[in-house]
Protein chains: 2
Amino acid sequence: MFNHMVEQFAHLDAVFHALADPTRRAMLGHLAERELTIGELATPFSMSFAGASKHVRVLEHAGLVTRTIRGRTHLCRLQAARLAEADAWLRRYERFWNDRLDSLEALLRAEDEAQAKKK
Amino acid sequence: MFNHMVEQFAHLDAVFHALADPTRRAMLGHLAERELTIGELATPFSMSFAGASKHVRVLEHAGLVTRTIRGRTHLCRLQAARLAEADAWLRRYERFWNDRLDSLEALLRAEDEAQAKKK
DNA sequence: AAATAATTAAACCAATCGGTTGACAATCCA
DNA sequence: TGGATTGTCAACCGATTGGTTTAATTATTT
């Protein structure tokens with residue numbers, strides 16, 4: 001159905017893969033508050049620096065996070081563009097979860113038109 | 001940030017994992033046209049039936065597809081509710097990719113109010 | 001009853017996953 | 001200078017991934 005515009009969404013593999021892990025989703029949640037260092041990202045999960053570092057690399061690779069090295073700390077910032085891409089992909093299916101609403105609206109419109117004709 | 005409402009989205013691991021594979025996303029695209037059997041889902045990918053069967057099981061496990069066995073064929077139907085869940089999760093970040101639009105709107109509103117006061 | 005078609009099950013494969021540990025490098029501070 | 005802090009790298013672990021092949025199951029057709 002939508003396959004003619006497939007190449008628009010080249011990063012979806014990496015983005016959805018990154019989002020499939022609850023630790024990484026939580027990290028994004030924290031980064032939505034403010035920029036955080038690797039250490040700050042690690043502590044809420046009682047996870048080693050190296051573990052957190054790997055998760056951040058996955059997020060970075062998906063383009064969901066950018067890193068600024070300042071001194072010995074690495075500041076991570078949420079990068080939302082790829083989230084918007086994923087959302088755009090999902091919204092192509094919007095009509096499937098809006099179908100009931102859509103048909104209800106169509107029904108109401110039809111009734112309105114019937115009313116208008118009566119007048 | 002959003003972590004107080006985390007348990008609302010219990011299926012996100014499975015859903016995002018299912019969406020992370022391009023074959024499965026394409027299958028969903030085909031299922032958006034009409035219901036399809038496992039064999040019909042398999043053929044466009046020059047993949048064994050067993051391979052396609054595994055992908056469908058992943059989609060089923062994520063709640064994105066339901067299966068109706070009729071005779072010896074298994075008819076698969078797109079189930080959009082979980083897509084809507086994933087979309088709802090993503091939209092919590094909407095303001096991050098709308099920030100420029102938001103501030104533009106705020107600016108315009110402020111100008112409108114200034115105009116209104118002049119009159 | 002026999003042949004064919006649609007699908008799953010099971011075993012296997014190399015690659016990747018999420019996580020650890022330990023060693024190392026760079027930076028800051030006293 | 002020397003010690004603490006921040007982070008990466010490499011190696012390793014068991015589990016899972018996406019895929020195959022072969023065999024078995026179930027349903028239809030002839």
Side-chain angles (χ1 to χ4, degrees), chain A residues 6 9-31 34-78, chain B residues 3 6 9-31 34-78 86:
Chain A
V6 143
F9 300 96
H11 306 101
L12 286 182
D13 283 23
V15 171
F16 282 133
H17 166 70
L19 296 181
D21 183 275
T23 299
R24 286 192 291 264
R25 286 200 306 278
M27 283 179 166
L28 290 180
H30 294 140
L31 289 172
R34 58 186 181 87
E35 302 182 12
L36 292 166
T37 66
I38 305 287
E40 289 170 327
L41 281 169
T43 49
F45 306 104
S46 62
M47 174 186 294
S48 66
F49 273 53
S53 178
K54 279 187 172 189
H55 279 301
V56 171
R57 200 161 57 222
V58 171
L59 292 168
E60 227 177 342
H61 175 252
L64 296 172
V65 155
T66 57
R67 181 195 309 244
T68 310
I69 302 180
R70 277 194 57 210
R72 61 185 164 181
T73 72
H74 296 206
L75 251 198
C76 299
R77 166 187 295 135
L78 178 64
Chain B
N3 301 46
V6 143
F9 301 97
H11 306 101
L12 286 182
D13 283 23
V15 170
F16 281 133
H17 166 70
L19 295 181
D21 183 274
T23 300
R24 287 192 291 264
R25 286 199 306 277
M27 283 179 166
L28 290 180
H30 295 140
L31 288 172
R34 58 185 180 88
E35 303 181 11
L36 293 166
T37 67
I38 305 287
E40 288 171 326
L41 281 170
T43 50
F45 306 103
S46 62
M47 173 186 294
S48 66
F49 275 51
S53 178
K54 280 188 172 187
H55 279 302
V56 171
R57 200 160 57 223
V58 171
L59 291 169
E60 227 178 341
H61 175 251
L64 296 173
V65 156
T66 57
R67 180 195 309 247
T68 310
I69 303 181
R70 278 197 51 214
R72 62 186 164 180
T73 72
H74 295 204
L75 252 199
C76 299
R77 167 186 294 135
L78 177 63

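Throughout, a chain's letter reflects where its sequence line sits, starting with A, and its residues are numbered from 1.
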Can you check the [X] [atom1] to [N] [atom2] distance for me, whole Å?
X	N	atom1	atom2	value
M27(B)	dG18(D)	CE	P	11 Å
E60(B)	dT7(C)	CD	P	13 Å
D13(B)	dG18(C)	CG	P	10 Å
I69(A)	dA26(C)	CD1	P	12 Å
L36(B)	dT7(C)	CG	P	11 Å
L75(A)	dT8(D)	CG	P	12 Å
H61(A)	dT16(C)	NE2	P	11 Å
R70(B)	dA5(C)	CZ	C1'	16 Å

Does [N] have OP1 or OP2 under 4.0 Å away from a side-chain N or O of [X]?
X	N	answer
R67(A)	dG7(D)	no
H74(B)	dA6(C)	no
H17(A)	dC17(C)	yes
R57(A)	dT8(D)	no
S53(A)	dG7(D)	no
S48(A)	dT20(C)	yes

For G71(A) and H55(A), find the nucleotide of DNA chain C closest to each by heavy atoms; which residue's nucleotide sits nearer the 5' end?
H55(A)

Relative to the 5' end of DNA chain C, which residue comes earlier, S46(A) or A52(B), by the nucleotide with the nearest heavy atom?
A52(B)

Contact class for [X] vs. all strands (heavy atom < 4.0 Å): base, sugar-phosphate, or nothing?
X	result
R24(B)	sugar-phosphate
A50(B)	base
G51(A)	base

Donor-acceptor check, side chain of [X] to backbone of [Y], threshold 3.5 angstrom: yes or no?
X	Y	result
R67(A)	H74(A)	no
R25(A)	L19(A)	yes
R77(A)	T68(A)	no

Could you give me the CA-CA distance, side-chain angles and deciding distance for L28(B) and V65(B), then say whether side chain to side chain contact (heavy atoms under 4.5 Å, CB included) is met?
CA-CA 8 Å; L28(B) 290 180; V65(B) 156; 4.1 Å; yes

Given the structure, check if the side chain of R72(A) and the base of dT27(C) hold any donor-acceptor pair shorter than 3.5 Å.
yes

Of all the choices, dG18(C), dT20(C), dG18(D), which nucleotide is nearest to the side chain of M47(A) once you look at every atom?
dT20(C)

Considering only side-chain heavy atoms of F49(B), which listed nucleotide, dG18(C), dT20(C), dT7(C), is closest?
dT7(C)

Determine the sole option in T66(A), T37(A), I69(A) for which the side chain to side chain contact (heavy atoms under 4.5 Å, CB included) test with L75(A) is passed.
T37(A)

